[in-house]
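Residue numbers start from 1 in every chain, and the chains themselves are labelled A, B, ... in the order their sequence lines are given, proteins ahead of strands.
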Number of protein chains: 2
Amino acid sequence: MADGTTERVRPRDRILETAQDMFHKHGIKGVGVDAITEAAGTNKMTLYRHFESKDDLIIECLRATACKAAAIWDAFEAEYPGDKLAQLHAWVRKAADMLNADSRGCDMANAAIELSETDHPARRVIKELKEAQRDRLVALCRDAGVGQAELLADTLSLLLEGARVSMQSVGAEGPSAQFVRMAEGLIASFRAR
Amino acid sequence: MADGTTERVRPRDRILETAQDMFHKHGIKGVGVDAITEAAGTNKMTLYRHFESKDDLIIECLRATACKAAAIWDAFEAEYPGDKLAQLHAWVRKAADMLNADSRGCDMANAAIELSETDHPARRVIKELKEAQRDRLVALCRDAGVGQAELLADTLSLLLEGARVSMQSVGAEGPSAQFVRMAEGLIASFRAR
DNA sequence: CTAGGGTGTTACCGGTCTGTAACTTTAGCG
DNA sequence: CGCTAAAGTTACAGACCGGTAACACCCTAG
């Protein structure tokens, strides 16, 4: 009780934060609600008072991580106000940094793979959030003055998605090591047109 | 013998085939050994007489799918003997075909994501098999007369890997729809250098 | 025909999972 | 202070999981 961190934050927020972390590290099907509540310093009943089900918790976690990702995007605009091309390069750099710092990839993509049931409630949420991120990257490419902005944005998307999954199957020394070179080369190539 | 109507496939092979299919469709953690044996028309005891554990079965399934993938590669050489550039384009076409025909992506990548335990026995197998595929694609690019063959091969790898996972999170109308255009554009770009 | 190995069947073990019920304790607040 | 709502505790239900034991069967090789 001396440490205020576990006491100050509401149980719901502690559960959400802990669940995000554990889902990310061990996968959704790799962690049970008991483990989450224990790590969050609470209990199962409290979890089920705040979330309808584990699926509901999963969805809330995905929304929360997407929210954090959006904050990172906002930071680009704050760092290079108006300079969309600089923001695009910052996006590449940030993506590479996150690749190096964490080898578990994208929570939404991982969830889509784990939750193979086509009617899983999290699927439509994943699609929504991913489409929003795609729209944002397309807008960034377009505003950076790139012709064929959609194609560049989609190519960068696939490259990053591929790098994140390649990281997990062959490690950091695999193809993902060249991500920055690939991305920068693509941007230069599209701008030259 | 020579009785084609009742093709008696050995239980081990039936189990292996069925497990590959079910792991692919529902994920590794999404299907139990009971479901596999039932679908294979046998029982759990027989499975454990042929495989040490579920983990062992997983590994054998991955090896089997990698073997099938290798056969597809061999088909390229058979179809365009000696013409490595044609084989590379065939690789792109085949990859796109498989993307359209099946939305569950690569078994090895999916397994790497599902089996988040860093010391899981399947992990080293996945890495081996993926590295072999990478080597093969690098060799194909090099023999096709492309400068910077490694970089092209790695870029194509990431694009395909990304397309397969994007397919599962945002669907076929997402960025993965442009895979062929991206890949062909890249090959042309690398060859022009 | 017989022996034996591969196979099928049933039952079971110990553990884990999501989710719920009933009750007690705590914390905030007028 | 006392009231109330939130949170903690314990126990449990019902299903599923990977894995094993014991035993009956059947097909074929010798």
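- With salt bridges taken as basic N to acidic carboxylate O contacts below 4.0 Å, none links A:Glu161 and B:Arg164.
- Side-chain N/O atoms of A:Gln178 and A:Arg181 include a donor and acceptor closer than 3.5 Å.
- Within the structure, every side-chain polar atom (N or O) of A:His50 is placed at least 4.0 Å from both OP1 and OP2 of D:dA6.
- Less than 4.0 Å separates DNA chain D from at least one heavy atom of each of the following residues of residues 28-48 of chain B: B:Val31, B:Gly32, B:Val33, B:Lys44, B:Met45, B:Tyr48.
- Across the protein-nucleic acid pair, A:His26 atom NE2 and C:dT16 atom C1' stand 16 Å apart, rounded to whole Å.
- Between the side chains of A:Thr46 and A:Asn43, at least one donor N or O sits under 3.5 Å from an acceptor N or O.
- Rounding to whole angstrom units, CG of residue B:Asp13 and P of C:dG6 are separated by 15 Å.
- A:Asn110 places a side-chain N or O within donor-acceptor distance of the main-chain N or O of A:Arg104, the cut-off being under 3.5 Å.
- Looking at B:Lys84 and B:Glu77, a side-chain N of the basic residue comes within less than 4.0 Å of a carboxylate O on the acidic one, giving a salt bridge.
- Taking 4.0 Å as the cut-off between side-chain N and carboxylate O, A:Lys25 and A:Asp21 count as a salt-bridged pair.
- Proximity of residues 110-119 of chain B to DNA chain C (heavy atom under 4.0 angstrom from any strand atom) is not detected for any residue.
- Atoms CZ (A:Arg10) and C1' (D:dG8) sit 14 Å apart, rounded to a whole Å.
- Note: CZ (A:Phe51) to C1' (C:dT20) measures 18 Å, nearest angstrom.
- Contact of A:Arg49 with D:dG8 (side chain to base): a donor-acceptor pair of N or O atoms is detected under 3.5 Å.
- One finds a salt bridge joining A:Lys68 and A:Glu17 here, because a Lys/Arg side-chain nitrogen approaches an Asp/Glu carboxylate oxygen to under 4.0 Å.
- Closest approach to the B:Lys54 side chain among D:dG18, D:dA7, D:dG8 is made by D:dG18 (side chain taken as heavy atoms from C-beta onward).
- B:Val165 and B:Leu62 are assigned to two separate hydrophobic clusters, defined by single-linkage of ILVMFWY side chains at heavy-atom distances under 4.5 Å.
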